[in-house]
Amino acid sequence: MGQGQSEPEVEAAASEPASELPMLLSDVTKADVARRQGLTYKAKEPDSFADFSIVDDTPSDKAGPSSQAQVREPSVEKKDSLESRGRQPTDAEKKVLRQFREHWSEQQGEIHRVARHQELKELLEHTHEQMRTGGLKIDKDFPSNRYGVDTRLPHFDKDKHVPVLALINPFAGAMAGSDILAIARCTPYYQDRFFNIIDVVKDQRRGGLLDLLRLELCAAAREAKAMGARPRIISGGGDGTASFTLFILFAALRADNTRADEGLKDTGNGFIWTDEEMAESFPALAQMPLGSANDCGRTLGWGRKYPGDAESRFKVNWRKHARDALLEWIEAAISKESMVTNFDIFGIVPKEGEETCNFKLAELGGHRGMDPKVHLEGEKHLAMKEAGLPVPLFICLYFSAGFGAYMTARFQMNRRKSPIRNKVEYFRQAAGILLESVPPQLNVGLDKVQIFCGNERYFPPRSEDGSGGERYREVGFLNINWQAGMFHGAERAPLMGRMCSSREPARFNDGMMDMYRGKFKSVLKNPGLVYQTDKREEGLTLTYSGEKGTGVFFQWDGESRFAFSPTGEEFQIHVRQMMNIPVVLGPNYDRQVAGDPDNGQPVKFSFTGKSEEERRRYANRILTGVQGLLNKELLASKEEMRAVGLQEEDDFL
């Protein structure tokens, strides 16, 4: 028994869940465990563990003295060994051996469990210390913290503020994410709950950052429940960070029965939380805008740029203004007064009844600059490379195929360090596409593309055979009412209605896809940067029927990939609403642009679908995704690209 700790204390510690970081002792002896279990022995230990062969190894239904284990005939070798001792064991001795074996096995299992818990505790303590002290390694000439080296985040009052965690990209917002994490490391409470999102996804080992995030998430859930609230999580980064944050949350909550005694036991739904706990404690997301377009942060009322950017511009004491703006932002994120509402999440799923999707994904490669294409036999071709992460799973903001997706793919190769230069790069790539011929891997406009919403053909419109797509530049849907920091959506209406009346905007919690399609002249017809949208409830199915070696670019939440068929046959991309999550609205929420945030439903987390079977299918798809199993299903290999005649980047660069 460890010094200074009584038997009841040891027993209580052993019964605590792993998520509580119990103070377990590493020097527990066999006698300690035996006494704690109330086990005593009147017989001495056997001469050899080989004596256990007298008792059948088949486990009994119940461990304990009353167990009726089977007695078997010893083997010839064992019989010779026993006879050499001069006699056969009596029935009483066999009973003692049987009891000893059962208790010894229990004892060894308990000692092993305690040792594993102690090991996990030490690993978590080491990871926690590294997180607190290990800052981002940057160049020594990098400017000092824009918020001031002595800045601290607002004092967290446990009786007043809502428990919060954060997953922040340190490289986003022209390194504003790094500055905010540096301040959090020096501020009590936040130093334990503000995580570098890149480090978390890299450190998913036992006792690593993902385990530490899980512990803090469970603790925040308990704290929030005690005060009648829901915990919150700040997603700091560009528009794609929101879906990345959801990915990490589900990875943290995924059950693993091999670690059931460490708090990862499956509650029956694949997660460590029950359906009821998920509904009431899944954290509400607050989007910190650290990207270029920041469509998500702007829609939810958290600003167009990183905290302090606008407030400090052209000011004499600019650092003070930036600091004040950051503190106000954090205060709003943890305030009970900030509204929490529902938010629809869509995703790419296989056809109903199928286990996998029938398309593969590649990423645009080639030359950096205004023209990425490579030369082959006197003709310019697109070169592809193996697609990196993320794999398309969640669609939080919007989805489209066509011009915008191709432009985004080219932009990804030429991303800049500042938001302003990134916007310029978008326009440069758009100009490059308009000034060049269509490469062989693509079709004119959206030729060979059809979209059905349920049983209704949505695209191309007014077409019985699917022709006419070549006249259109883009088709897709909005979940939020911002795209690329420029475009909005409003319900389709006649010309006078578009000019003179207000129309229903694209809303993020009405359970509908706000579908749109557009030509280059639509800007003049609509007029302006407002899509005419059509609300659809059944989800969408995009079918591509082009020739072998061709495909279509699509984008989701600012990420772009090239989809093609590995067999040369037509393929489908199915997009459905998968779930509803809670989000936190910021002080700058604009009802005129984003609509009424109250959809009349209780705020909760839930998987969506018309049946329980469909809801479980979506949940299992998410569990498959967070285990990394979608990589093999969706990401094309070099061999698969070569098999359909796609040009590979490595052959030219």
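Values below: all heavy atoms of this structure, side chains included; hydrogens, waters and symmetry mates excluded.
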message: Assess whether a salt bridge exists between Arg214 and Asp211, defined as any Lys/Arg side-chain N lying under 4.0 Å from an Asp/Glu carboxylate O.
response: yes
task: To the nearest 0.5 angstrom, please state how far the CZ atom of Phe250 sits from the CZ atom of Phe282.
output: 4.0 Å
Geometric cation-pi criterion, Arg591 with Tyr589: 6.0 Å, 45°: no
query: Between Arg132 and Asp192, is there a salt bridge with N-O shorter than 4.0 Å?
result: yes
- request: Applying salt bridge (Lys or Arg N to Asp or Glu O under 4.0 Å), name anything that partners Arg416, two or more places apart in sequence or on another chain.
  value: Glu425
- prompt: Taking atom CG of Leu153 and atom CZ of Arg185, what is their separation to the nearest 0.5 Å?
  reply: 10.5 Å
query: Looking at CZ of Phe403 and CD of Gln555, how far apart are the two atoms once the value is rounded to the nearest 0.5 Å?
result: 11.5 Å
task: Using atom types as modelled and distance alone, determine if a side-chain donor or acceptor of Arg507 lies under 3.5 Å from a backbone N or O of Met512.
output: no
statement: Given the options Ile198, Leu290, Asn196, Ile168 meets side-chain contact (heavy atoms from CB on, under 4.5 Å) only with Leu290
message: Closer than 3.5 angstrom, by distance alone: can the side chain of Arg368 be matched with the main-chain N or O of Met413 as a donor-acceptor pair?
response: yes
message: A cation-pi test, strictly: NZ or CZ of Arg193 under 6.0 Å from the centre of the six-membered ring of Phe156 and no more than 45 degrees from its axis. Yes or no?
response: no
Asp514 (side chain) donor-acceptor with Thr533 (main chain) under 3.5 angstrom: no
message: Check whether Asn422 reaches the backbone of Ser292 with its side chain - one donor and one acceptor, N or O, closer than 3.5 Å.
response: no
- prompt: Checking Thr408 side chain against Ser560 main chain: does a donor-acceptor pair fall under 3.5 Å?
  reply: no
task: Kindly state each residue pair satisfying side-chain hydrogen bond (donor to acceptor under 3.5 Å, both in side chains) with at least one member in residues 228-241, sequence neighbours excluded.
output: Ser235-Thr245, Ser235-Gln287
field: Ile345 backbone acceptor or donor facing Asn479 side chain under 3.5 Å
entry: no
- prompt: Residues two or more places apart in sequence or in another chain: which of them pass side-chain contact (heavy atoms from CB on, under 4.5 Å) with Ser522?
  reply: Lys519, Asn526
statement: Sequence neighbours excluded, the answer for salt bridge (Lys or Arg N to Asp or Glu O under 4.0 Å) partners of Glu331 is none
- prompt: Quick one: do Glu223 and Lys158 make a salt bridge, cutoff under 4.0 Å?
  reply: no
message: Nearest 0.5 angstrom please: Phe346 CZ to Tyr618 OH, how far?
response: 10.5 Å
- request: Could you tell me whether a side-chain N or O of Asn580 sits under 3.5 Å from a main-chain N or O of Ser606, the two making a donor and an acceptor?
  value: no
- prompt: Atom CG in Asp157, atom OH in Tyr189: separation rounded to 0.5 Å?
  reply: 11.0 Å
message: Donor-acceptor check, side chain of Asn169 to backbone of Ile197, threshold 3.5 angstrom: yes or no?
response: no
Contacts of type salt bridge (Lys or Arg N to Asp or Glu O under 4.0 Å), residue Asp324, not counting sequence neighbours: Lys320
query: Aromatic ring centroids of Phe487 and Tyr531 under 6.0 Å?
result: yes
message: Going by the rule side chain to side chain donor-acceptor pair (under 3.5 Å), which residues pair with Asn481 if we only count those two or more places apart in sequence or in a different chain?
response: none
task: Tell me, with the steps shown, if Tyr516 and Gln483 meet side-chain hydrogen bond (donor to acceptor under 3.5 Å, both in side chains).
output: CA-CA 12 Å; Tyr516 71 91; Gln483 188 185 55; 3.2 Å; yes
- prompt: When rounded to the nearest 0.5 angstrom, what distance separates CZ in Phe195 from CG in Leu213?
  reply: 5.0 Å
field: Side-chain donor or acceptor of Thr608 paired with backbone N/O of Gln577 under 3.5 Å
entry: yes
field: Side-chain donor or acceptor of Asp203 paired with backbone N/O of Leu209 under 3.5 Å
entry: yes
